[in-house]
Amino acid sequence: ESDITYKIALQLKKYLENAGANREKLLREKEQAESRKASLENLVKKISAFDVLNANYERAKTAYRDAFDKAESVKNLYEMNYRAFLNEQAGILAEDLTEGVPCPVCGATNHPCLAEKSATAPTESDVNKLKNEADKAGEYAAELSRRSGEIKGQVTSRREEIEKLISDHLNSCELGTAQATAESIIAEIIANLKAINEKICIEEKNAKRKAELDEMIPKAEERIKKAEEVIAECRQNISALTASSAEIEKHGWLSGAEE
């Protein structure tokens with residue numbers, strides 16, 4: 001029974017000969033898979049942040065366009081009222097013009113077409129108020145333009161960074177589909193890592209069993225060697241006893257014959 005157990009142990013040791021090497025190979029595969037997973041997760045994170053930044057840019061761009069349109073509208077209203085105000089001033093001046101007397105503005109002595117006052121003409125206060133509003137609207141639009149330009153620069157920079165990462169990790173994938181593609185690959189890697197971890201667990205058990213066999217087999221071999229020595233000694237003793245018995249029987253037989 002011991003001999004059978006020893007032979008089985010030898011066969012098992014041979015089967016487990018590469019247990020340690022397989023474990024190291026699996027650990028390298030696990031490290032590579034985890035590194036790729038981390039890179040793709042970083043890419044997904046950057047794409048999500050980029051989407052937020054790009055959305056902010058679109059809002060900033062829309063806000064600037066609205067502010068610009070409003071600034072243009074206020075500016076046009078101011079210019080229209082400013083012209084109306086100037087026309088009103090011309091009408092007031094025309095009231096004091098006399099034919100043959102030089103105009104204090106242009107010096108003409110003939111005044112064939114005098115400007116007329118308007119009942120709805122804006123006052124100087126109205127014009128100044130509109131000018132102030134137009135200036136403020138223009139400044140606000142300029143500020144929004146500056147902010148929009150800054151975000152646009154960030155969007156351009158981030159886009160270039162992400163497109164390089166996509167090229168490195170997803171080959172020819174487009175930015176619009178990169179996040180979904182990366183998340184799909186991450187799911188596959190997670191499943192693969194689970195399988196690798198299970199294999200590593202088996203390999204560690206096999207490596208432990210191999211270590212136990214490495215310790216057990218030499219001891220078994222030593223016991224077998226001692227047993228074989230004992231058996232050999234017993235055989236020698238048996239042979240010696242058999243020879244002695246034969247010698248005794250021979251002498252006994254000869255003694256009987258002489259008598």
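All values derive from a computational prediction rather than experimental measurement. By convention here, the first residue in the shown sequence is residue 1.
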Q) Can you list the steps and then say if K37 with E41 is a salt bridge (Lys or Arg N to Asp or Glu O under 4.0 Å)? A) CA-CA 6 Å; K37 175 174 170 286; E41 287 174 338; 2.9 Å; yes

Starting at [atom1] of [X], measure out to [atom2] of [Y] and round the result to the nearest 0.5 Å.
X: S184; Y: L40; atom1: OG; atom2: CG; result: 10.5 Å
X: R158; Y: N54; atom1: CZ; atom2: CG; result: 11.5 Å
X: E188; Y: R36; atom1: CD; atom2: CZ; result: 9.5 Å
X: L175; Y: E163; atom1: CG; atom2: CD; result: 6.0 Å
X: T181; Y: H169; atom1: OG1; atom2: NE2; result: 14.0 Å
X: K131; Y: E79; atom1: NZ; atom2: CD; result: 11.0 Å

Q) So, R146 and E143, do they make that salt bridge, N to O below 4.0 Å? A) yes

Q: Is it possible for you to say whether I166 and L53 belong to one hydrophobic cluster, with membership spreading through side-chain heavy-atom contacts below 4.5 Å?
A: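 They do share one cluster, since a chain of ILVMFWY contacts under 4.5 Å joins I166 to L53.
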
Q) Should L165 and V155 be regarded as members of a common hydrophobic cluster, given that ILVMFWY residues are connected when their side-chain heavy atoms come within less than 4.5 Å of each other, either directly or indirectly? A) yes

Q: Determine, step by step, whether D66 and K70 satisfy the salt bridge (Lys or Arg N to Asp or Glu O under 4.0 Å) criterion, reporting the C-alpha distance in whole Å, the side-chain angles of both residues, the deciding distance to 0.1 Å, and the verdict.
A: CA-CA 6 Å; D66 291 344; K70 181 178 180 180; over 6 Å; no

Within the supplied structure, the quantity of interest is the number of heavy atoms (other residues, nucleotides, ligands) at a distance under 6.0 Å from [X] [atom1]; does it exceed 12?
X: F50; atom1: CZ; answer: yes
X: K61; atom1: NZ; answer: yes
X: E233; atom1: CD; answer: no
X: E24; atom1: CD; answer: yes

Where do [X] and [Y] come nearest, in terms of heavy atoms and distance?
X: V74; Y: L130; value: CG1-O, 4.1 Å
X: I47; Y: I162; value: CG1-CG2, 3.8 Å
X: Y64; Y: A141; value: CD1-O, 3.2 Å
X: A33; Y: L193; value: CB-CD2, 3.6 Å
X: A178; Y: L170; value: O-CD1, 3.7 Å
X: I196; Y: L26; value: CG2-O, 3.7 Å

When you measure from the side chain of [X] to the backbone of [Y], do you find a donor-acceptor pair of N or O atoms at a distance under 3.5 Å?
X: N81; Y: L77; result: yes
X: S157; Y: G153; result: no
X: S239; Y: R235; result: yes

With a 4.5 Å heavy-atom cut-off, do [X] and [Y] have their side chains touching?
X: Y140; Y: L144; answer: yes
X: D51; Y: Q179; answer: yes
X: I202; Y: E198; answer: no

Q | Exercise: do D126 and T123 side chains pair donor with acceptor under 3.5 Å | A |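 Yes.
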
(Q) Does either side chain, that of Q154 or that of E150, offer a donor lying less than 3.5 Å from an acceptor on the other one? (A) no

